[in-house]
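Here is how names work: the chains are called A, B, and so on, in the same order as the sequence lines, proteins then strands, and each is numbered from 1. Keep in mind that what you see is a predicted model, and the values were worked out from it rather than measured.
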There are 2 protein chains.
Amino acid sequence: MNTTMLNAIAEPNRLRIVELLRESPSPVGEIATKLKLRQPQVSKHLRLLSEAGLVRAYPNAQQRIYYLQAEPFKELDRWLETFRKVWKDRLDNLNDYMKELKEEEKLNKKGAGQ
Amino acid sequence: MNTTMLNAIAEPNRLRIVELLRESPSPVGEIATKLKLRQPQVSKHLRLLSEAGLVRAYPNAQQRIYYLQAEPFKELDRWLETFRKVWKDRLDNLNDYMKELKEEEKLNKKGAGQ
DNA sequence: TCGTTGTATTCATATATAGGAATATACCTG
DNA sequence: CAGGTATATTCCTATATATGAATACAACGA
């Protein structure tokens with residue numbers, strides 16, 4: 001998994017931008033207005049998101065309409081998949097661990113009490 | 001979606017730690033050895049991961065065995081789900097946008113040629 | 001061409017944090 | 001209790017970056 005992508009969405013305002021673009025493509029000014037951010041900051045965040053491959057833009061007169069790219073999200077999804085696969089077994093193992101742990105605690109208390 | 005969780009895995013070494021713990025629970029020293037990191041750094045990263053709710057530890061003598069928590073990953077999965085839902089429609093819309101754009105370009109070129 | 005609108009960039013500053021070194025803390029064994 | 005092992009914390013420094021302010025750049029309309 002790519003930390004560039006994760007880093008891009010780990011910043012609160014960028015996450016909000018992404019969630020806004022999830023609803024519909026938007027020009028920079030509209031993003032700034034809706035999220036109550038200043039335009040230069042939005043442009044900078046979009047630059048980072050763009051470099052991370054999360055968004056693209058197409059020009060419409062002076063505007064630049066930004067929209068999401070699917071691929072990075074799919075990559076994140078594939079990464080999560082590797083966790084889902086292991087998850088069930090792991091939880092079982094964990095329960096075993098915890099049971100063992102509890103048994104040990106009981107034994108220790110018994111031992112201490114002697 | 002929670003940026004604390006994202007921030008936690010956005011750091012390369014922490015991501016490696018998470019991926020290592022995905023294989024099996026491990027004590028700090030083992031993580032340090034396998035990832036060729038210094039022990040204090042690993043402890044610090046684990047602290048952050050712990051505060052973000054991604055890991056927990058149970059004691060085993062002097063060791064602390066760290067293991068992953070499922071919930072934050074499930075939350076991330078649910079967040080991604082909101083994208084998957086929109087994805088298909090969005091791609092169609094995008095195609096429409098792009099078609100419109102291309103049409104506009106053609107018209108502009110025609111106009112410029114006059 | 002000029003003014004306007006929309007966006008990007010540059011520069012400076014403040015803040016956050018990753019890493020190194022040293023040390024503290026906790027627990028085990030003899 | 002002493003020594004050893006495993007982990008956590010503290011202090012310091014360097015680096016990254018989010019923000020604000022000012023400005024540059026680009027494209028439109030009159």
| request: Please name all residues satisfying side chain to side chain contact (heavy atoms under 4.5 Å, CB included) with Arg84(B), sequence neighbours left out, ordered by chain then number. | output: Asp77(A), Asp77(B), Leu80(B), Glu81(B)

| request: Under the side chain to side chain contact (heavy atoms under 4.5 Å, CB included) rule, what do Val55(B) and Gln69(B) come out as? Steps first, then yes or no, please. | output: CA-CA 5 Å; Val55(B) 304; Gln69(B) 289 292 102; 5.7 Å; no

| request: Summarise protein proximity over nucleotides 17-30 of chain C in one line of letters, 5' to 3': B for base, S for sugar-phosphate only, - for none, counting protein heavy atoms closer than 4.0 Å. | output: -SBBBB----BS--

| query | Under the side chain to side chain contact (heavy atoms under 4.5 Å, CB included) test, which residues partner Gln62(B), sequence neighbours left out? | reply | none

| query | Once you round it to whole Å, what is the distance between P of dA27(D) and CD1 of Ile65(A)? | reply | 15 Å

| query | Separation of Arg47(A) atom CZ from dT17(D) atom P, in whole Å? | reply | 12 Å

| task | Determine whether more than 12 heavy atoms belonging to other residues, nucleotides or ligands lie under 6.0 Å from atom CZ of Arg16(B). | result | yes

| What's the CD-C1' distance between Glu51(B) and dA16(C), to the nearest Å? | 14 Å

| field | Helical bend (five base pairs per end, nearest 10°) for the helix from dT1(C)-dA30(D) to dG30(C)-dC1(D) | value | 20°

| message | Can you tell me if Tyr66(A) touches the phosphate of dG6(C), counting only side-chain N or O atoms and a distance under 4.0 Å to OP1 or OP2? | response | no

| query | Just how far, in rounded Å, is C1' of dA27(D) from CZ of Arg64(A)? | reply | 11 Å

| query | Got a sec, which residues hit side chain to side chain contact (heavy atoms under 4.5 Å, CB included) with Leu48(A), two or more places apart in sequence or on another chain? | reply | Arg14(A)

| message | Could you check whether any side-chain N or O of Gln63(A) sits under 3.5 Å from a backbone N or O of Ile65(A), counting only pairs where one atom can act as donor and the other as acceptor? | response | no

| note | Ser26(A) meets the side chain to side chain contact (heavy atoms under 4.5 Å, CB included) criterion, sequence neighbours left out, with Leu20(A), Leu21(A), Ser24(A), Glu30(A), Ile31(A)

| message | Is the ring pair Tyr58(A)/Tyr67(A) parallel, tilted or perpendicular, if the boundaries are 30 and 60 degrees? | response | tilted

